[in-house]
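Data first, discussion second: the structure below is written as structure tokens.
Computation of the quantities below employed the complete heavy-atom set of this structure, encompassing side-chain atoms and omitting hydrogens, waters and symmetry-equivalent molecules. Sequence lines set the chain letters: A, B, ... in the order given, protein chains first and strands last, and positions in each chain run from 1.
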Number of protein chains: 2
Amino acid sequence: MKLNTKTRYGLRAIIEIAAQENNKGILQKTIAETQGISVKYLDQIISQLKAANLISTKDGKKSGYQLTKNASEISVYDIYKAFNSPLKLIDCFDSEYSCAKIPYCASHNYWYKLNKQIIDYMESTSLETLTKDHKKLTKNNDELMFYI
Amino acid sequence: MKLNTKTRYGLRAIIEIAAQENNKGILQKTIAETQGISVKYLDQIISQLKAANLISTKDGKKSGYQLTKNASEISVYDIYKAFNSPLKLIDCFDSEYSCAKIPYCASHNYWYKLNKQIIDYMESTSLETLTKDHKKLTKNNDELMFYI
DNA sequence: TTGTAACCTACTTATCCGATAGGATTAAAA
DNA sequence: TTTTAATCCTATCGGATAAGTAGGTTACAA
């Protein structure tokens with residue numbers, strides 16, 4: 001029960017992309033510096049966000065990433081799925097691995113409900129919400145820095 | 001984001017222990033057979049339940065396991081913790097691994113809330129509830145079998 | 001004193017994860 | 001047209017962890 005780093009970094013990266021002002025595109029390098037992630041590692045992370053069709057870019061020099069759709073249409077679960085297969089806390093949710101006892105298995109039902117609850121949580125939050133939070137928090141931070 | 005097999009098997013095993021009729025103690029062997037788990041593997045699992053002080057037994061021949069307290073006083077999270085360290089979806093919940101940006105990190109807050117929600121879910125369900133479910137389900141199963 | 005069950009510890013194997021590395025491709029800029 | 005700076009793509013390495021196996025020791029009832 002751990003979140004892998006790619007998902008963690010990936011969410012932070014896409015928030016950075018969503019939070020840019022003029023929407024002209026933001027560079028890998030910039031994100032890496034802001035987030036303190038190695039450029040090379042972020043490289044892979046961003047390519048997975050792209051493969052999931054959540055962000056887009058132009059090739060070559062002077063490029064930069066943007067969202068492919070409105071932040072309100074992207075859920076955290078969408079982002080999660082860019083780095084993981086659909087959430088299955090246990091394998092026997094899947095018919096392929098299921099055992100004959102499932103209809104009589106209290107544990108199975110219990111974990112299944114938890115699984116659903118986690119997915120619901122991630123689906124019910126949009127990137128827009130997190131980006132707003134992010135802006136609020138960093139704004140406060142800037143003001144704070146000003147007075148120090 | 002996977003539940004490990006020990007937690008999965010462990011829950012099933014302790015339900016079996018809680019569900020026994022006369023409370024005279026149930027043998028590893030019996031649990032292993034009912035649940036279809038290798039005796040040797042279950043051996044380790046049960047020893048972890050015991051180390052967590054959830055079940056007790058006598059040594060030697062003619063032994064058998066019981067709960068150390070009432071099933072209503074044991075939460076699923078107690079059982080979870082017999083096989084895992086306290087749930088931390090990401091390391092930086094911990095002050096030891098925390099970074100300076102946490103107060104301004106929207107992602108951190110988000111995962112933290114999910115983490116709490118999962119713990120709440122596991123804490124709010126008692127072994128008693130699951131055992132009742134189990135009995136209901138297996139009862140139906142037996143009746144069903146009778147008519148086949 | 002013998003058989004059975006719990007108890008304890010070590011080991012093997014496989015898989016996944018985080019991270020690094022090197023180079024290919026593309027397009028803007030010089 | 002050449003250079004430069006960025007994305008893009010693939011391979012690989014080391015470490016950690018997990019699942020399961022195995023062997024032997026201890027305790028107790030018959």
Of dA28(C), dA19(C), dT7(D), the nucleotide closest to the side chain of Lys61(A) is dA28(C)
**Message:** Need one value for Ser47(A): base, sugar-phosphate or nothing, where a base atom within 4.0 Å counts as base even if backbone is also close, heavy atoms only.
**Reply:** nothing
* To do: Classify the nucleic acid contact of Phe83(B) as base, sugar-phosphate or nothing, counting any heavy atom under 4.0 Å across all strands shown.
  => nothing
Assess whether ring-ring contact (aromatic ring centres under 6.0 Å, His included) is satisfied between Tyr110(A) and Tyr121(B), documenting all intermediate values.
CA-CA 10 Å; Tyr110(A) 179 76; Tyr121(B) 178 81; 4.9 Å; yes
Contact check, residues 22-35 of chain A vs DNA chain D, heavy-atom distance under 4.0 Å, returns Leu27(A), Gln28(A), Lys29(A)
Starting from Ile90(B), can I reach Met122(B) by hopping between I/L/V/M/F/W/Y residues whose side chains sit under 4.5 Å apart? yes
>> Heavy atoms only, 4.0 Å cut-off, all strands: where does Thr57(A) land among base, sugar-phosphate and nothing?
In response: sugar-phosphate
Leu49(A) atom CG is separated from dT7(D) atom P, nearest whole Å, by 13 Å
Requested in this report: Apply ring-ring contact (aromatic ring centres under 6.0 Å, His included) to the pair His134(A) and Tyr104(B), showing each step before the final yes or no.
Outcome: CA-CA 7 Å; His134(A) 170 81; Tyr104(B) 324 113; over 10 Å; no
From CG of Asn84(B) across to P of dA18(D) the rounded distance in Å is 8 Å
Next on the checklist: Tell me whether the side-chain N/O atoms of Ser63(A) come closer than 4.0 Å to OP1 or OP2 in dA28(C).
Outcome noted: no
Separation of dA19(C) atom C1' from Leu42(A) atom CG, nearest Å, is 13 Å
Would you call Lys29(A) and Glu33(A) a side-chain contact if the rule is heavy atoms closer than 4.5 Å? yes
When rounded to whole Å, the CE to C1' distance for the pair Met1(B) and dC16(C) reads 17 Å
To the nearest angstrom, the CD-P distance between Gln44(A) and dT12(D) comes to 14 Å
Among dG18(C), dA5(C), dA18(D), the one nearest any side-chain atom of Thr5(A) is dG18(C)
To the nearest angstrom, the OH-C1' distance between Tyr41(A) and dT7(D) comes to 19 Å
Rounded to whole Å, the CD1-P distance (Ile45(B) to dA19(D)) equals 9 Å
With a non-hydrogen cut-off below 4.0 angstrom, is Lys40(B) in contact with a base, only sugar-phosphate, or nothing? base
Ranking dT20(C), dA29(C), dA6(C) by distance to the side chain of Lys62(A), first place goes to dA29(C)
